[in-house]
Amino acid sequence: MKYEFSKIEKKWQAYWEAHNTFQSGKEVSKPKYYVLDMFPYPSGTGLHVGHLEGYTASDITARYKRSRGYNVLHPMGWDAFGLPAEQFAIKTGTHPKTTTENNIRSFKETLQAMGFSYDWQREINTTDPAYFKWTQWIFLKLYEMGLAYMSEVDVNWCEELKTVLANEEVEEKIADGYTVIRRPLRQWVLKITAYADRLIADLEDLEWPDNVKQMQRNWIGRSEGVNIDFELRCHNKKLRVYTTRPDTLFGATYLVISPEHPLAEKLATAQQLVEVKNYIKGAKLKTELERTGLQKEKTGVFTGTYAINPATGQPLPVWISDFVLTSYGTGAIMSVPAHDSRDWEFAKQYNLPIIEVIKSPHDVQEKVFEDKDSTCVNSSNSEINLDGLKFSESFEKMATWLETKKLGERKVNYKLRDWIFSRQRYWGEPIPIKHYEDGTLRTETSLPLVLPEVEAYHPSSTGESPLANIPHWLFGTDEHGAFRRETNTMPQWAGSCWYYLRFIDPKNSLQLIDPEKERYWMNVDLYIGGAEHAVLHLLYARFWHKVLFDLGVVSTKEPFKKLFNQGMILGEDNEKMSKSRGNVIPADHVLERYGADAVRLYEMFLGPLEQVKPWNTNGIEGISRFLSKVWRLVYPEHSLQPAPLTEEPMQEELLRRMHKTIKKVIDDTENLKFNTAISEMMVFVNELQKAGCKNRTAVESLLIMLSPYAPHITEELWESIGHATSISSTPFPTYNPALVEDSVLTIAVQINGKLRGTFLAPAKSPKEYLLTEAKKVESVIKFLEGQTIVREIVVADKLVSFAVK
RNA sequence: GCCAAAGUGGCGGAACUGGUAGACGCGCUGGACUCAAAAUCCAGUGAGUGAAUAACUCGUGUGGGUUCGAUUCCCAUCUUUGGUACCA
C-alpha cells in the first residue's frame with residue numbers, strides 16, 4: 001500500500017473532530033499543562049509557512065505533554081479587532097464583521113489542515129460581544145481604581161487615518177508612508193506607570209529569554225537620581241532639574257531646559273527674547289522624531305539668565321535646547337560636559353566651560369570621559385568633600401547634603417509613559433462611559449455595550465470616531481439626565497491583554513473566569529510567539545494581569561511562566577517574506593503539495609526554533625523521504641498488508657540505539673530542540689531499515705515518539721498494526737538508563753593535542769588500562785618513538801592524551 | 001552611536017560542563033534495479049599533496065592569548081542580523 005498523505009490526513013482530522021480527542025479539562029486529577037500560542041490577527045492575506053512555525057512547536061509540546069500524562073490546555077482564538085478590516089470597510093462598505101468572519105474561516109481551515117490539536121470548543125474571538133463584555137468590564141475596573149483617566153495630551157495625529165497613534169506605532173506608520181503630526185486631543189490614558197516597579201521586579205522569577213527581560217527593563221527605564229533646585233539670579237523662582245549624577249554637581253557649568261518648559265520664555269532677558277521666541281517656535285514645528293532621531297548637530301539658545309551652582313557658588317548660564325525632553329524628569333537638566341557626551345558636544349558647540357570632576361585618563365577638553373568607575377576630583381567646598389570617592393559613595397554623600405540643605409531630594413524616574421488607550425475608530429471595543437451635560441462621568445450599567453450598525457466607516461471630520469455620527473446610539477437619557485456616550489474605542493491591544501484567561505472558561509456569562517478553574521490552570525506554562533511582541537503586548541498583558549491580581553480575579557502575579565520566541569522564517573532568497581518582494585510561501589500551497597506531516601516536520605527540522613532561517617523547498621523532499629521510510633517499516637514496498645511484527649529480541653546494538661533515541665527525543669522535546677530530536681529519529685529509522693528489524697516494541701516506540709511531530713501518518717500506521725484507540729492517548733515510551741550507555745567505546749589518542757589514533761575499550765575501563773592500550777596503538781607508537789612523555793592525561797571513556805618533547 | 005545575538009563544507013545545520021569538528025538532511029558523483037524514466041537501494045562527498053580505501057598538512061570570520069588539548073574560555077578586530085533613538 002502506498003503512502004497517500006492527503007487521504008490519511010483528512011481521515012484523521014475527521015476522526016479527531018468526531019471523537020473530541022483534544023478536548024481538555026476533564027481529568028482534573030492529572031497535573032495540568034497550559035501551552036499557548038500568540039493568537040493571530042485574521043488578515044486577508046492568509047497564513048504563510050512562517051506563521052506555522054510557532055504553532056507547530058506548541059502543538060508538538062501539547063501532544064507530547066498529553067502523552068506524558070498531563071491534562072493539557074491548548075486553545076486557539078482570534079485577535080480580530082484591527083485596522084485592516086476597518087480600512088477595507090471604508091473602501092468597499094463591507095462590514096468589518098463580514099471581512100473578519102471570512103478571514104477567520106480561512107485561517108481555521110489552514111490550521112485544521114495542519115492537524116493542530118486545539119480544543120476548538122474553547123475558540124474565542126475578541127470582537128464577539130460575549131468576549132468584549134469582559135474587556136469593557138476590566139476597563140471599568142481600571143476606571144474605578146483610578147487607573148484610567150482622561151487627559152488633554154499632545155498626541156501623534158495621523159491625518160490620513162484620522163486617528164491617534166501610540167508613540168510606539170509612529171515609526172511603523174511613517175515607514176508605511178503616512179504623515180504624523182503633534183496635536184492636542186482628549187484621550188483616555190491608563191496609568192501603567194503606577195505598576196512600573198512591579199513590572200520590573202516580577203521579571204525576576206520568569207523563565208523568559210534574558211534579552212526579552214532586558215528589553216522590558218530598558219523600556220520601563222527606571223533610574224535613581226536627585227531633583228535639584230537651582231537658585232536663579234534676578235528671579236524669585238527656582239529651576240528644578242533632574243540628574244542621576246549628583247556626584248558631578250561641582251562640574252555643572254550650565255543648565256538646559258526644553259523649549260516647552262513653562263519658564264522657557266519667562267527666563268529670556270529682553271536682549272535675548274526674540275531669539276528665544278524664534279527657537280521655541282521652530283521646535284514646535286518639528287515632530288518628536290525629527291527632534292530626537294535624525295538630528296546630529298545640537299542646537300540651542302541662551303536665555304540671558306544665570307542660575308547659581310549650590311556647590312561652587314558659580315553662575316551657570318541657562319540655555320534652551322530641544323535635546324532636552326519635556327516629558328522626562330523635570331524637562332530641565334544640569335550639564336556636566338566633562339562627563340556626559342551630549343553635554344560635551346553642546347559645550348563645544350557653544351564654547352561653554354568644561355571642568356573635570358571625575359579623575360580622567362585623558363584631557364576632558366579633548367574628549368568626554370563618561371566612566372563611573374573612577375573617583376571624584378575638584379569636588380569640595382567648606383561643607384562637603386567628595387574627592388577620592390567612588391560613584392556610589394559620592395552619590396549618597398551629595399544627595400544627603402542636598403537634602404539636608406533643602407536644595408533637593410532623591411527621585412526615581414521612568415522612561416515608561418502612561419498608555420494612551422483610546423482610538424478614533426469604529427472597529428474596536430466601545431469605551432463604556434457616559435458623559436453628562438454637567439460634566440460628570442458615569443459608567444455604563446449594562447455590558448456589553450455593542451457597536452451600532454453604521455452607514456459609513458469614515459471617521460468624523462472632528463477627529464472623533466464614526467460613532468459620533470450615529471445620534472441614536474450617541475445620545476440618551478437616564479435617571480441622571482441626558483448623556484452623550486464616549487465615542488472613543490479601545491486599541492487592538494485591549495483584547496489580547498487578557499485572552500489567555502478566557503480560554504480557561506470561555507463560555508462563562510456571569511464571571512470573567514471561574515476562580516476555581518483559574519486556580520487550576522494558571523499560569524500559562526509555555527507561551528510561544530514572535531519576538532516582535534517582546535515589549536508592548538507582553539508588557540500590557542502583564543500590567544492588566546497585575547491589576548486583575550489586585551482585584552482578586554486571578555491568583556498569580558504573572559500570566560506567562562515560560563516564554564519562547566520563535567525565529568522568523570525567511571523567504572528562499574534569504575529576505576524577510578513580504579508581498580512586495582514576492583517571496584511569500586503560502587501555507588496552503590505547501591500543504592497541498594507535501595502534506596501536513598511533512599510541513600510540520602520540515603519546519604522543525606530547519607534549525608533551532610529560536611533562530612532566523614531561510615525556507616528551502618528542496619529540503620522538504622528529504623522529510624518526505626523520511627516519512628516514506630517510516631511507512632515502509634510497516635507496509636513493505638508492493639505489499640498491501642502490513643508486515644507482521646515480531647516479538648523476536650532485537651540485536652543488542654539496535655536495542656541500545658532505541659533507548660538512546662528515546663532519551664534524546666524526550667530531552668530535546670522538553671527543551672524545544674526539535675531539530676535534533678528529528679535527526680535522532682532519522683538515525684533510528686535508518687538503522688531499523690538496514691537491519692530489517694520488525695520488532696514490535698521498536699516499531700511501536702518509534703511511532704509513539706514520532707506522533708507529536710507527525711500525528712497523521714503515525715495514527716494511520718498505529719491503526720494498521722492493530723490498535724483500536726488513538727495513538728495520541730498512548731503513553732510515551734521510557735528508556736532504560738543502563739542501555740543508553742555504550743558497552744564498548746572508541747577511545748581517542750592525542751599527542752600534543754593532535755589526534756593520532758583510536759582504539760576500542762570496554763566502558764569504565766581504569767586509567768592504567770587505557771594508558772597501556774593507548775601506547776600499543778600502531779600509529780601512536782610511531783609518534784612516540786624517540787620522544788619523552790612529559791604528561792599523560794586520561795579522560796574516562798573518552799580519550800588519552802600525551803604531551804611529549 | 002548604544003545594547004543584544006550570531007559568523008562552522010556547495011546549502012540548512014550538529015558537536016554534553018574545553019576532549020575524535022562536520023551528526024541529520026539537501027545537493028552533487030558513481031553504481032544496482034529498469035527497454036527507459038521516476039521511485040528505491042548501495043557506495044562516496046571539508047580543502048590540499050598523493051596512484052591510494054596508505055600517510056601527512058591545513059581547516060569553525062580575522063589576529064593574538066590561556067591550555068597537553070579551543071567551534072567552546074580571554075583580549076582585540078571585521079562582518080551580519082535584531083532591538084533602540086539624545087531618558088540627564
Side-chain angles (χ1 to χ4, degrees), chain A residues 2 171 209-212 214-215 218-219 221-223 225-226 241-245 248 252 256 288-289 291-296 298 321-325 327-336 340-343 345-346 413-417 531-532 534-535 565 567-568 570 574 576 601-602 605-608 610-623 625-626 628-629 632 637 667 673 675-683 685-686 689-690 746-758 779 782 789-804:
Chain A
K2 273 198 72 177
E171 257 188 88
D210 286 335
N211 63 322
V212 175
Q214 196 53 45
M215 280 162 75
N218 292 344
W219 189 268
R222 183 183 202 275
S223 67
V226 177
V241 309
Y242 175 69
T243 180
T244 55
R245 298 295 304 273
T248 60
V256 189
E288 190 158 352
L289 198 77
R291 275 176 53 174
T292 59
L294 308 168
Q295 182 185 335
K296 289 266 189 280
K298 299 239 178 316
S321 174
D322 62 8
F323 83 86
V324 175
L325 305 176
S327 52
Y328 185 76
T330 61
I333 62 163
M334 67 175 210
S335 276
V336 185
D340 181 287
S341 59
R342 296 153 303 182
D343 296 348
E345 275 174 46
F346 195 81
N413 268 333
Y414 303 92
K415 288 195 215 175
L416 184 71
R417 297 176 204 172
E532 68 272 21
V535 177
N565 291 131
M568 201 189 311
L570 305 173
N574 239 313
K576 196 170 164 174
L601 272 174
Y602 180 59
F605 187 60
L606 215 45
E610 67 277 14
Q611 197 166 297
V612 176
K613 43 209 177 286
W615 178 267
N616 177 353
T617 300
N618 284 336
I620 201 169
E621 302 280 357
I623 291 292
R625 266 174 232 167
F626 167 65
S628 302
K629 270 189 208 173
R632 287 198 301 272
E637 226 167 341
D667 291 349
K673 290 161 84 174
N675 54 332
T676 45
I678 293 168
S679 96
E680 189 71 13
M681 287 190 275
M682 285 175 167
V683 172
V685 168
N686 287 345
Q689 186 198 287
K690 248 178 222 163
T746 308
I747 307 296
V749 186
Q750 292 182 347
I751 295 169
N752 284 345
K754 285 207 165 102
L755 181 70
R756 294 304 182 188
T758 59
S779 53
K782 207 173 73 190
I789 298 176
V790 291
R791 214 172 139 190
E792 294 172 337
I793 296 130
V794 177
V795 180
D797 289 345
K798 276 247 162 77
L799 67 71
V800 177
S801 180
F802 297 110
V804 302

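Throughout, protein chains are lettered first and strands after them, A, B, ... in sequence-line order, and every chain is numbered starting at 1.
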For [N] and [M], measure between their [atom1] atoms and round to the nearest Å.
{"N": "G65(B)", "M": "C26(B)", "atom1": "P", "result": "42 Å"}
{"N": "U45(B)", "M": "A54(B)", "atom1": "P", "result": "11 Å"}
{"N": "A85(B)", "M": "A14(B)", "atom1": "P", "result": "32 Å"}
{"N": "A76(B)", "M": "C2(B)", "atom1": "P", "result": "14 Å"}
{"N": "G13(B)", "M": "G27(B)", "atom1": "C1'", "result": "14 Å"}
{"N": "G18(B)", "M": "C68(B)", "atom1": "C1'", "result": "12 Å"}
{"N": "G7(B)", "M": "C16(B)", "atom1": "C1'", "result": "22 Å"}
{"N": "G61(B)", "M": "U79(B)", "atom1": "C1'", "result": "7 Å"}

Results of side-chain hydrogen bond (donor to acceptor under 3.5 Å, both in side chains) for [X] - residues two or more places apart only:
{"X": "K629(A)", "value": "N686(A)"}
{"X": "Q750(A)", "value": "none"}
{"X": "D340(A)", "value": "R342(A)"}
{"X": "S628(A)", "value": "none"}

Atom-pair distance ([atom1] on [X]; [atom2] on [N]), nearest Å:
{"X": "N218(A)", "N": "C2(B)", "atom1": "CG", "atom2": "C1'", "answer": "11 Å"}
{"X": "K613(A)", "N": "A6(B)", "atom1": "NZ", "atom2": "P", "answer": "15 Å"}
{"X": "K798(A)", "N": "G18(B)", "atom1": "NZ", "atom2": "C1'", "answer": "11 Å"}
{"X": "E345(A)", "N": "C2(B)", "atom1": "CD", "atom2": "P", "answer": "13 Å"}
{"X": "L570(A)", "N": "U81(B)", "atom1": "CG", "atom2": "P", "answer": "11 Å"}
{"X": "K673(A)", "N": "C16(B)", "atom1": "NZ", "atom2": "C1'", "answer": "9 Å"}
{"X": "F802(A)", "N": "G19(B)", "atom1": "CZ", "atom2": "C1'", "answer": "15 Å"}

Please examine the side chains of S335(A) and F346(A), heavy atoms only from C-beta on, and report whether any two atoms are closer than 4.5 Å.
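Not in contact.
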Heavy-atom side-chain proximity of F323(A) to E345(A) below 4.5 angstrom:
no
What stem regions, each of at least 3 consecutive Watson-Crick or G-U pairs below 3.5 Å, can be found for RNA chain B?
B:1-7 with B:78-84, B:10-12 with B:24-26, B:27-32 with B:40-45, B:46-49 with B:55-58, B:61-65 with B:73-77
So if I define the base as every atom that isn't primed, P, OP1 or OP2, how would nucleotides 21-42 of chain B read as a B/S/- string at a heavy-atom cutoff under 4.0 Å?
--BBSSS------------SSS
Within the structure shown, what part of the strands sits under 4.0 Å from [X] by heavy-atom distance: base, sugar-phosphate, or nothing?
{"X": "T243(A)", "answer": "sugar-phosphate"}
{"X": "I793(A)", "answer": "base"}
{"X": "E792(A)", "answer": "nothing"}

Proximity to the side chain of M215(A) - top-ranked nucleotide from G83(B), G19(B), C86(B):
G83(B)
Side chain of W219(A) only, please: which of G12(B), G13(B), U84(B) is the nearest?
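Looking only at side-chain atoms, W219(A) lies closest to U84(B).
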How would you list, by chain and number, every residue that makes a side chain to side chain contact (heavy atoms under 4.5 Å, CB included) with [X], sequence neighbours excluded?
{"X": "V804(A)", "value": "I751(A), N752(A), L784(A), Q787(A), I789(A), F802(A)"}
{"X": "R625(A)", "value": "E621(A)"}
{"X": "P209(A)", "value": "N211(A), V212(A), L563(A), N565(A)"}

Reading RNA chain B from 5' onward, which residue's closest nucleotide shows up sooner: K415(A) or T746(A)?
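Its nucleotide being nearer the 5' end, the pick is T746(A).
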Closer to the 5' end of RNA chain B via nearest nucleotide, is it Y602(A) or V795(A)?
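Upstream on the strand: Y602(A).
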Within the sub-3.5 Å range, which N or O atoms of nucleotides 55-57 of chain B have a protein N or O partner, and how far apart are they?
unit_1: U57(B); atom_1: OP1; unit_2: R756(A); atom_2: NH2; d: 3.3
unit_1: U57(B); atom_1: OP2; unit_2: R756(A); atom_2: NH1; d: 3.2

Side chain of N413(A), backbone of S223(A): donor and acceptor closer than 3.5 Å?
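No; judged by distance alone, with no hydrogens or angles, the pair does not exist.
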Can G9(B) be described as syn, meaning its chi torsion is within 90° of 0, or is it anti?
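Classified syn.
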Can you list the residues that meet the ring-ring contact (aromatic ring centres under 6.0 Å, His included) rule with Y602(A), with sequence neighbours excluded?
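Only W615(A) meet the ring-ring contact (aromatic ring centres under 6.0 Å, His included) criterion with Y602(A).
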Under the ring-ring contact (aromatic ring centres under 6.0 Å, His included) test, residues paired with Y242(A) that sit two or more places apart
none
With side-chain contact (heavy atoms from CB on, under 4.5 Å) as the test, would you mind laying out the steps for V336(A) and T243(A) before giving the verdict?
CA-CA 10 Å; V336(A) 185; T243(A) 180; over 6 Å; no
